[in-house]
Asks: 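I'd like to ask you about the structure that follows.
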Amino acid sequence: MPKVVISEFMDETAIREILSGLDALYDPGLVDRPEALRDALAGADALIVRNRTQVRGDLLAAAPALRVVGRLGVGLDNIDVAACKARGVAVYPALGANDGAVAEYVIGTAMLLLRGAYGATREVAAGSWPRNALMGREIAGKRLGLVGFGSIARETARRAAALDLRVAAHDPFLRSDDPAWRPARGAVESMSFEALVASSDVLSLHVPLTEETRGLIDAAAIGRMPAGAILINAARGGVVDEEAVSAALRSGHLAGAALDVFVDEPLAAAAGARFRDVPNLILTPHIAGVTQESNVRVSRVIAEAVRRHLSEG
Ligand SMILES: O=C(O)[C@H](O)COP(=O)(O)O
């Protein structure tokens, strides 16, 4: 009976229904117990992870029978894909299964930060009535700039079009005649990176972390964003210079930012100190792609892919 090790959280119904009949070891705490994880992998045919288990070097060496890795998400930066390939280990990301969750996070934080009206509960309950101070901005008519135009960005664009945003994107990997630029509703304008940064009211990042994207949104890029712009990073930490975002929010050049991902995760208190008392900043713990619904979708897609792979070979 093939053995499947699941080292991070996953929907338990998907395990029960789809991995039934396999020897599934579900221990979402394994990621924090490297020795126990290596022991569990000794006879494993399959490994299912989220974004914290580092599937490389030592871990692969501890799993000589491994045939398949399922990734409960889309980013592959915690997996040495080349080393897996060299060992004949297939890698399956959950493509498409959390697009909607991230798109809703981007639209939701953009609306929250533009409007700025929702942080006054305590004041209002205490009898103050700060109407003028809370006169925020509407999302309709603003330009949403998407850095990268893959499937998450396209889902974001689809929702943005319904809210009457003007959507533009920069994606050097997408040909100018690709039909993705002309969705059913609201064409998406293709722009250079420089033009997109300089003209977007809301700039949202949708690129993986690579040598080309590391530090892409640095102090200079932020300085070229229009005064009063909003920055959203639900892509990968390291694409954005965290110090530069804090400084731009403190100076008032940026009107707001939402950061879901960080250079080091989990964000340690010492690293988080740079964000202390920074105005109009939403920090979330790498949760943009994780909702109750997406957790079910992602878990089912990966359980099915792993099961299929094991039964094929
Ligand atoms: O790459 C992804 O899809 C996101 O980082 C979320 O992944 P996770 O929920 O598996 O961490």
Side-chain angles (χ1 to χ4, degrees), residues 4-15 18-19 24 26-32 37 46-56 59 68-81 84 90-109 146-156 159 171 173 204-210 213-214 216-217 232-240 242 258-267 282-306:
V4 183
V5 173
I6 304 156
S7 62
E8 298 183 62
F9 71 89
M10 178 174 180
D11 179 55
E12 293 187 31
T13 308
I15 300 174
I18 303 170
L19 298 179
Y26 176 52
D27 182 348
L30 266 182
V31 60
D32 295 313
L37 176 56
L47 169 64
I48 296 181
V49 301
R50 294 198 91 95
N51 68 24
R52 295 186 55 226
T53 309
Q54 298 301 312
V55 185
R56 52 183 96 249
L59 198 96
V68 54
V69 175
R71 165 72 174 94
L72 299 159
V74 294
L76 293 177
D77 34 318
N78 59 316
I79 299 176
D80 185 340
V81 178
C84 286
V91 176
Y92 292 94
L95 292 177
N98 63 11
D99 293 356
V102 182
E104 288 192 11
Y105 176 96
V106 173
I107 298 291
T109 53
L146 302 166
V147 180
F149 197 47
S151 64
I152 293 175
R154 291 174 205 179
E155 283 301 312
T156 306
R159 287 159 176 77
D171 194 327
F173 300 105
S204 184
L205 310 180
H206 298 279
V207 289
L209 180 64
T210 64
T213 63
R214 193 181 296 279
L216 186 67
I217 307 296
I232 300 172
N233 186 13
R236 280 294 179 268
V239 177
V240 163
E242 294 170 2
L259 303 179
D260 185 54
V261 287
F262 303 89
V263 172
D264 292 312
E265 295 183 10
L267 183 69
I282 296 171
L283 300 182
T284 48
H286 202 141
I287 202 76
V290 186
T291 56
Q292 293 175 18
E293 294 86 347
S294 76
N295 186 37
V296 171
R297 287 192 300 270
V298 158
S299 299
R300 297 192 78 86
V301 163
I302 289 307
E304 269 155 18
V306 165

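One-based numbering, in listed order, for ligands and for the atoms of each. Here, residue 1 is the first one in the sequence, and each next residue gets the next number.
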Asks: Could you find the nearest protein heavy atom to atom 1 (O) of ligand 1 and give me its residue, atom name and distance?
Replies: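 The closest heavy atom on the protein side is G75 N, 2.7 Å.
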Asks: Where on V261 is there a heavy atom closer than 4.0 Å to ligand 1, on the side chain, on the backbone, on both, or on neither?
Replies: neither
Asks: Checking side chain to side chain contact (heavy atoms under 4.5 Å, CB included) against V239, which of T210, V261, V263, L209 comes through?
Replies: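 Considering T210, V261, V263, L209, a side chain to side chain contact (heavy atoms under 4.5 Å, CB included) with V239 is found only for L209.
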Asks: For ligand 1, is there an atom lying under 4.0 Å from some heavy atom of R236?
Replies: yes
Asks: Which residue and atom name correspond to the protein heavy atom nearest atom 3 (O) of ligand 1, and how close is it?
Replies: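 Nearest protein contact, heavy atoms only, for atom 3 (O) of ligand 1 is V74 N, 2.7 Å.
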Asks: Which ligand 1 atoms are under 4.0 Å away from a heavy-atom of G73?
Replies: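 Here the atoms of ligand 1 in question are 2 (C), 3 (O), 7 (O), 10 (O).
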Asks: So do the side chains of F9 and L72 get within less than 4.5 Å of each other, counting heavy atoms only?
Replies: no
Asks: Counting each atom of ligand 1 from 1 as listed, which ones have a heavy atom of L72 under 4.0 Å away?
Replies: 7 (O), 8 (P), 9 (O), 10 (O)
Asks: Take a 6.0 Å sphere around CG of D32 and say whether it holds more than 12 heavy atoms from other residues, nucleotides or ligands.
Replies: yes
Asks: Could you check whether any side-chain N or O of R297 sits under 3.5 Å from a backbone N or O of V301, counting only pairs where one atom can act as donor and the other as acceptor?
Replies: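 Pair absent, no side-chain N/O of R297 close to backbone of V301.
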Asks: For atom 5 (O) of ligand 1, which protein heavy atom lies nearest, and how many Å away is it?
Replies: H286 NE2, 2.5 Å
Asks: Any chance you could measure E8, atom CD, to N51, atom CG, to the nearest 0.5 Å?
Replies: 6.0 Å
Asks: Which protein non-hydrogen atom lies closest to atom 11 (O) of ligand 1, naming both residue and atom, and how far is it?
Replies: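 Going atom by atom, the protein heavy atom closest to atom 11 (O) of ligand 1 ends up being N51 ND2, 2.7 Å.
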Asks: Considering only the protein, which heavy-atom contact is closest to atom 7 (O) of ligand 1, and what is its distance?
Replies: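 Protein heavy atom with the smallest distance to atom 7 (O) of ligand 1: R71 NH2, 3.3 Å.
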Asks: Any heavy-atom pair between the side chains of V298 and V290 that's under 4.5 Å?
Replies: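 When only atoms from C-beta onward are counted, V298 and V290 do not touch, as no gap falls below 4.5 Å.
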Asks: If you count the atoms of ligand 1 from 1 in the order shown, which ones are under 4.0 Å from a heavy atom of V290?
Replies: 9 (O)
Asks: Under 4.5 Å between any side-chain heavy atoms of I6 and L19, yes or no?
Replies: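 Result yes, sub-4.5 Å side-chain heavy-atom pair found.
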